[in-house]
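Excluded from the calculations below are hydrogen atoms, water molecules and symmetry mates; all remaining heavy atoms, backbone and side chain alike, are included.
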Amino acid sequence: MGKDLKRKFDDVYESYQQGNISRRDFVKFLGISGAALGLIGGPFGLVQNAFAAKSITLHSWGGSTSEALRKFAFDPFTKATGVKVIDAAFTGMAAFLTQVKASYPPGGEFNIAHLSAVYDYARYTDLGFGVELDESKIPNLKNVMSKMTNTLKGISKGTLSAVPYDLGQTGIAYNTDKISKEKAEKLGASLLYDKSLNGKLGSWGGDHITNMWYAALHTGQDPNNIKDEKAVWAALKEQRGMIKKYWASGSELMSLLGNGDIYATVAWSGRVGLLQKEGHPIGYLAPEGTYSWMEYMYVLKGTDLDVAQKLLNFMLEPEAAKAVSIGMGYPPSLDPTKIAMPDEIKKLPAFDPTGTLEGYKFADPAYWNAHQLDWAEKWDRIMAGK
């Protein structure tokens with residue numbers, strides 16, 4: 001009887017969250033069921049005690065991203081449900097994947113990961129770390145841009161192991177006091193190879209894909225189908241001599257740009273938005289073929305799906321998602337033709353008012369994963385100046 005009542009409680013609570021039953025009826029149900037469930041306290045205390053023994057861990061990117069998630073999603077969720085959300089920061093994508101592989105059972109010690117780029121979705125799914133989410137338990141998925149959900153479903157054969165959460169690009173940031181908008185737009189990706197910027201260029205040292213992507217654009221190639229690999233490596237070797245610093249984190253990127261140590265670099269769109277918000281003279285360039293990506297909350301095998309799905313649905317609540325978006329500096333995954341967006345989000349780099357993401361170029365997971373080991377090793381040698 002206790003288990004049946006607990007299931008009934010979960011169903012009623014979920015209906016209350018979705019607005020299908022009134023607060024009055026919800027409180028009435030709590031009054032009837034509370035004694036049988038052994039709950040005490042007022043309505044919010046009842047909800048919290050029902051989930052008091054549960055917690056869930058979510059790994060993300062640290063810094064302003066984790067702060068926004070904590071303030072606008074995790075803490076409100078804990079207050080509403082009593083489920084503690086333990087936020088942890090990656091030490092790096094490769095290191096995190098190694099940790100997941102080494103956990104016992106594989107993936108079992110980890111719950112949700114705020115991953116980026118579709119090739120990582122394919123990688124985790126192919127390794128068997130994914131789950132099959134029950135979309136009916138995440139009703140706010142209906143507000144997510146269809147291109148994002150369909151892209152993930154195409155990898156996991158029609159099901160979802162994650163919910164898309166935000167949208168970003170690795171475009172090009174440049175100092176508008178040193179580089180005119182006209183020059184930046186004329187050069188496009190080749191701005192990153194402009195000899196007049198010798199010693200004032202930056203790049204992300206931790207990712208071979210980003211660097212190869214823009215070298216491919218610079219040499220007139222499709223980054224998802226590079227035909228002349230030698231030209232790409234030659235361009236990166238030449239660029240290596242003009243680089244002042246390969247940055248390793250979003251905070252370092254912002255510091256280099258904000259202090260004027262570098263004038264142009266590949267850059268995460270959200271970090272550019274934050275610099276612009278702070279008043280720094282930083283422009284954002286998204287040339288044709290700009291490296292675009294989605295971030296998503298990937299649920300790992302062994303996680304309590306009931307708790308995970310409640311958290312994900314809460315995080316996709318429009319007000320929560322919009323607040324997190326503004327805090328992070330990345331547009332939310334919500335379709336702006338379905339959910340009205342404030343001007344603060346509309347001004348973010350990478351925002352698409354149409355909700356179609358037409359022209360946003362994502363990395364092909366099969367292509368890049370097939371070359372992962374070889375190209376990562378070659379990139380490390382170039383970055384080291386070898």
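- Using a 4.0 Å cut-off between charged side-chain N and carboxylate O, Asp194 and Lys183 make a salt bridge.
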> For Trp293 and Tyr330, what are the C-alpha separation, side-chain angles and deciding distance, and is it a ring pair (Phe, Tyr, Trp, His ring centres under 6.0 Å)?
Replying inline: CA-CA 11 Å; Trp293 35 266; Tyr330 293 100; 5.6 Å; yes
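- Close placement of the Phe96 and Phe110 rings is indicated, their centers lying within 6.0 Å of each other.
- Aromatic ring centroids of Trp213 and Tyr291 lie under 6.0 Å apart.
- In summary, the aromatic rings of Trp204 and Tyr214 are positioned with their centroids too far apart to meet the 6.0 Å limit.
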> Can Leu69 and His114 be said to form a side chain to side chain contact (heavy atoms under 4.5 Å, CB included), step by step?
Replying inline: CA-CA 11 Å; Leu69 286 168; His114 187 185; 4.0 Å; yes
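- Between the side chain of Thr303 and the main chain of Val299, no donor-acceptor pair closer than 3.5 Å is present.
- Applying the salt bridge (Lys or Arg N to Asp or Glu O under 4.0 Å) test to residues at least two apart or on different chains, the pairs with a partner in residues 224-233 are Glu229-Lys378.
- Under the 3.5 Å distance criterion, with hydrogens and angles disregarded, no donor-acceptor pair is assigned to the side chains of Thr290 and Gln169.
- Residues Trp233 and Tyr367 fall within the same hydrophobic cluster, defined by Ile, Leu, Val, Met, Phe, Trp and Tyr side chains chained together at heavy-atom separations under 4.5 Å.
- A distance of 5.0 Å separates CG of Leu311 from CD1 of Ile112, quoted to the nearest 0.5 Å.
- Checked against a 6.0 Å centroid threshold, the rings of Trp247 and Trp268 count as neighbours.
- Side chain to side chain, Asp207 and Trp379 fail the donor-acceptor criterion of an N or O pair below 3.5 Å.
- No more than 12 heavy-atom neighbours from other residues, nucleotides or ligands sit within 6.0 angstrom of CD on Glu132.
- Taking the six-membered ring for Trp, Tyr165 and Tyr296 have ring centres at least 6.0 Å apart.
- Lys200 forms a cation-pi arrangement with Tyr263, by the criterion of a distance under 6.0 Å to the ring centre and an angle within 45° of the ring axis.
- Qualifying ring-ring contact (aromatic ring centres under 6.0 Å, His included) partners for Tyr174, counting only residues two or more places apart in sequence or in other chains: none.
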>> Run Asp335 and Asn143 through side chain to side chain contact (heavy atoms under 4.5 Å, CB included) and show every step you take.
In response: CA-CA 6 Å; Asp335 188 335; Asn143 295 323; 6.0 Å; no
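- With Trp368 as reference, Trp375 is the one residue of Trp375, Phe362, Tyr119 to meet the ring pair (Phe, Tyr, Trp, His ring centres under 6.0 Å) rule.
- With sequence neighbours left out, His280 forms a ring-ring contact (aromatic ring centres under 6.0 Å, His included) with no residue at all.
- Surrounding NZ of Lys237 are at most 12 heavy atoms belonging to other residues, nucleotides or ligands under 6.0 Å away.
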